[in-house]
Amino acid sequence: MTEVNATLAKSFGLNAEEYAKVIEIMGRTPSFTELGIFSVMWSEHCSYKSSRVWLKELPTKAPWVIHGPGENAGVIDIGEGMAAIFKMESHNHPSFIEPYQGAATGVGGILRDVFTMGARPIANLNALRFGDPALPVTKRVVDGVVRGIGGYGNCVGVPTVGGEVNFHPAYNGNPLVNAMTVGIAAQDKIFLSAAAGIGNPVVYVGSKTGRDGIHGATMASTEFDASSEEKRPTVQVGDPFTEKLLIEACLELMQTDAIVAIQDMGAAGLTSSSVEMAGKGGVGIELTLDNVPQRETGMTAYEMMLSESQERMLLVLKPERSEMARAIIEKWDLDYAVIGHITGTGRIVITHKGVIEADIPLAPLSDAAPLYRRPYTETPKPAPLGPISSDTSLSTALLKLIACPDLCSRRWIFDQYDSTVGGQTVKRPAESDAAIVRLEGTNRALAITTDCTPRYCVADPEQGGAQAVAEAWRNITATGATPLAVTDNMNFGNPEKPEIMGQFVGAIKGMAAACIALDFPVVSGNVSLYNETEGKGILPTPAIGAVGVLEDASLARGIAIAPGQDLVLIGATTGELGRSIWLREICGLETGAPPLVDLAAERANGDFVREQILAGKIAACHDLSDGGLLVAVTEMALASNTGADVTQVDTSHAFCFGEDQARYILAVEDAEVLLTAAFAAGIPAQKIGHTTIDECLTLPGGVAISLTVLRDANEGFFPTWFA
Amino acid sequence: MKAGILLFPGINRERDMVLAVRQSFGTEPRIIWHKETDLSGLDLVIIPGGFSFGDYLRCGAMAAQSPVMQAVKTHAARGGYVLGVCNGFQILTESGLLPGALLRNAGLRFLSMDTLLKVERNDTVFTSKYGKGEVFRAPMAHGDGNYTADDATLDRLEGEGLVAFRYHDENRNGSARAIAGIYSPNLRVLGLMPHPEDLVDPLMGGTDGKPLFDSLAAA
């Protein structure tokens, strides 16, 4: 037997001070299994020890919020007695070590967080960041991640309806895979994880437990180095077929009154699920591991408690309903095992082969978990870009921008994801700024998006954090939906470095300001730190997932224009080129300050646009973001193969490619009507052109490019890369 | 027409199929668990898409061994109607109710996009509401849709008019002779890869798939 001491604790990720606290709580040297339990519960991944004090700054309440952070996922009221349940979660570290399984199990994990609360998952999205496309490893990771997301999502039959992808060398050794699931439940049928009822059986449901993923949560809480390949065994293996059975079995069981509490076994598996369920319920729990379904022989208590085998759930049932529950679970060919019961002791007691392997008081395990207010240095405000010009023609610049990896068509990716299963997908990927999924049997639909602009965040975390929230809000607004709430996925480097912690703090401040100004509370989230390889951190990436509602799905607007329409720009343009894609792709610079986020203008412009859409006055709408005005017009033209003429607008690169915020392009029958309404509302608006019957885009100054040329440029990158 | 929809573990497009049937038939289809064996009273048995048994052995191979499939064979032998879509098509070929097999897509990637299908004949119970030679749009979503059979079988299918639909725009999955769907010799069993059931509502982008269900409803 390995001796338990400070050295072993260190190898488990606990520092000397934390180990001393373990001994103080236990009043003795912990057993090997106990040390394992402490180390995963106190890992960054499970305890949020570096981020908790700052996450409290985010607004989490609104009249439509039913459950905010603290549950498996956030829950909001979407009308007609229904609730949307959603969350985004990272699977970054595993996706670098083993891209297919890392991404696949990321999807599986977030699905479980949602259906464990009683929701049928209706949409998956993702937010992906990869390294330099010139590196062979990037290609391998992109391929594996895309296949993994598709392999899992397609099989479980939840449509993958949206997402975003960025490339930057800062992600070379540390790609980000953030997966989001949205589910729907009746508001009076929401299931929580707090255990109750002394003597009630604790039931294990799902796949058998193996040795995969042991200490995965600890791995996700450290930096990477050259030995990371050796960590491959800590990556879990996904089985989407079993997940599909688990979804159907749980939803069927949830139609009965058998369940007292339910929680998926995610990070830190049986440990975190049992500790959290008993802890939240203020009770105790006793587990007999001999009864845990196992797919390998000779597993120890430590291995079973720390395994992250996938597709498993832990339930507390009413004893008189347990046989009925067993029948439902076994109908779906899943393992059902009573592995323990709820006690009144306030302790978790683990028995294996007649030996007590762990006996830990629950309250201090969570309450005394380390909490760090880590020192931080604010990111210095970037100097403004200053005057800049380019000799490149508008047409050359446009063709280069729409072909670059960050702006090119994502068709090659989303063509590998089933986006229509369920029969409720009103707007598929790239058809609108946010995906639109109808709620079966109603006229209502949800609008869903994921957004973040890391190149802004690295320059100015506070502006970048605010911008990520604002862009998500804008993307939902551009479909006509009312933005309701946010889930956040905070991806950062090593929090023990003050400048990294400064990025985190800045992003939180910006996000909080935007969420407050836009009535857009945060209801769930996930923090992924230590995204560093060989000491180099990623760009700070506070990815935002957001949900809005449309009462009448038929009012949802996409970006596709048609002949005979005027194009109107809403919002003020000063020509912000700092940190723009234009600056990077045309001038080779990543400098300056990101565009100013004026939250009052964002709110006013967005509310005006939504009002116009819901009044049925707008044919198409597209928000302006990466690449600015001409890129947005191009995307609108390509979406329907309809030409557009914007000859009359300002020919400066700043006007054409600046990334000023709070802007939209609207396609309307008659610009004058819209301009009059905008003037009356005090909203900046100008006519920028009109659509045409010839299949080309006529640029400011009069140069025309055929849509075929634009499409070839826009759609070339991925197919060529993977040819 | 009374329809039943088979449910195997891992099937995931049964809800889409229920909506399409409900809309065209005006009645509720019966959901049939794969361990049931009584199909009495049904005119039409539908096998929807998904990943039955995870597609782990070979697409459709394990479902073909489920108890309900013996009843489906009896139903078909009696002249009953059978519609298999995507995984349902794969299950029909694995059960021997239709000839040939569906291999991995030629490009070895999952394909999810709209495709155009050409209606080869409109004198069947499945296609009477389409025109002969009509081209319609249908979403496809599969990793294994590459239809394959030996030349003699393909010649026979073509010679006997048993090709139901062909890919009209692009044969993305590499199917032999661009075949997207085939009939049994009595024209009462149809298997096809794309999903007409996902395009029956203008809100979802069109109603191109609706005539197939309207045809069945009118039979």
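So you know, we letter chains A, B, ... as the sequences are listed, proteins then strands, and number each from 1.
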| task | Go through B:Met140, B:Arg15, B:Arg13, B:Arg109 and name the one with the most non-hydrogen pairs under 4.5 angstrom from chain A. | result | B:Arg109

| request: Would you indicate whether B:Lys2, at its atom NZ, is surrounded by more than 12 heavy atoms from other residues, nucleotides or ligands within a distance under 6.0 Å? | output: yes

| request: List the atom of A:Val426, the atom of B:Leu203, and the distance in Å for their closest heavy-atom pair. | output: CG1-O, 3.4 Å

| field | Donor-acceptor contact below 3.5 Å, side chain B:Asp16 vs main chain A:Gly422 | value | yes

| Could you go step by step and tell me if B:Phe53 and A:Leu245 meet the side-chain contact (heavy atoms from CB on, under 4.5 Å) rule? | CA-CA 10 Å; B:Phe53 298 95; A:Leu245 301 182; over 6 Å; no

| Given that the side chain runs from C-beta out, which part of B:Asp201 has a heavy atom under 4.5 Å from chain A: side chain, backbone, both or neither? | side chain

| Are there more than 12 heavy atoms of other residues, nucleotides or ligands under 6.0 Å from atom NZ of B:Lys129? | no

| message | What verdict does the salt bridge (Lys or Arg N to Asp or Glu O under 4.0 Å) test give for A:Asp415 and B:Arg172, after you've listed the backbone C-alpha separation in whole Å, the side-chain angles of each residue and the deciding distance to 0.1 Å? | response | CA-CA 12 Å; A:Asp415 273 359; B:Arg172 295 178 178 86; over 6 Å; no

| message | Only pairs of heavy atoms separated by less than 4.5 Å count here; which of B:Asp198, B:Leu199, B:Val200 has the most with chain A? | response | B:Asp198

| message | A quick test of your reading: do over 12 heavy atoms of other residues, nucleotides or ligands sit less than 6.0 Å from CZ of B:Arg58? | response | no

| query | Is atom CD of B:Glu134 surrounded by more than 12 heavy atoms (other residues, nucleotides or ligands) closer than 6.0 Å? | reply | yes

| query | So is A:Arg147 actually on top of B:Phe110's ring, under 6.0 Å and inside 45° of the axis? | reply | no

| task | Can you tell which part of A:Arg411 gets under 4.5 Å to a heavy atom of chain B, answering side chain, backbone, both or neither? | result | neither

| field | Check against side-chain contact (heavy atoms from CB on, under 4.5 Å), A:Lys331 and B:Lys35 | value | CA-CA 10 Å; A:Lys331 172 192 154 190; B:Lys35 287 182 179 167; over 6 Å; no

| said: Looking only at the side chains, is there a donor atom on one of A:Arg428 and B:Ser112 sitting less than 3.5 Å from an acceptor on the other? | reply: no

| query | Is it the backbone or the side chain of B:Pro9 that comes under 4.5 Å from a heavy atom of chain A, or both, or neither? | reply | both

| field | CG-CG distance between B:Leu111 and A:Asp418, expressed to the nearest 0.5 angstrom | value | 11.5 Å

| request: Could you please spell out the steps behind the side-chain contact (heavy atoms from CB on, under 4.5 Å) verdict for A:Gln424 and B:Leu19? | output: CA-CA 10 Å; A:Gln424 304 298 323; B:Leu19 295 173; 3.1 Å; yes

| request: Drop me the distance from A:Tyr417's OH to B:Met113's CE, to the nearest 0.5 angstrom. | output: 13.5 Å

| task | Can you measure from CG (B:Asp55) to CG (A:Asn154) and round to the nearest 0.5 angstrom? | result | 11.0 Å

| request: Output the option from A:Ile436, A:Val156, A:Thr425, A:Val146 having the highest count of non-hydrogen pairs under 4.5 Å with chain B. | output: A:Thr425

| said: For A:Thr420, which atoms come within 4.5 Å of any heavy atom of chain B: side chain, backbone, both, or neither? | reply: both

| note | Applying a strict 4.5 Å limit to non-hydrogen atoms, the region of A:Lys427 in contact with chain B is neither

| message | Please classify the contact between A:Asp239 and chain B as side chain, backbone, both or neither, with a heavy-atom cut-off of under 4.5 Å. | response | both

| said: If I take atom OH from residue B:Tyr56 and atom CZ from residue A:Phe241, how far apart are they, to the nearest 0.5 angstrom? | reply: 7.5 Å

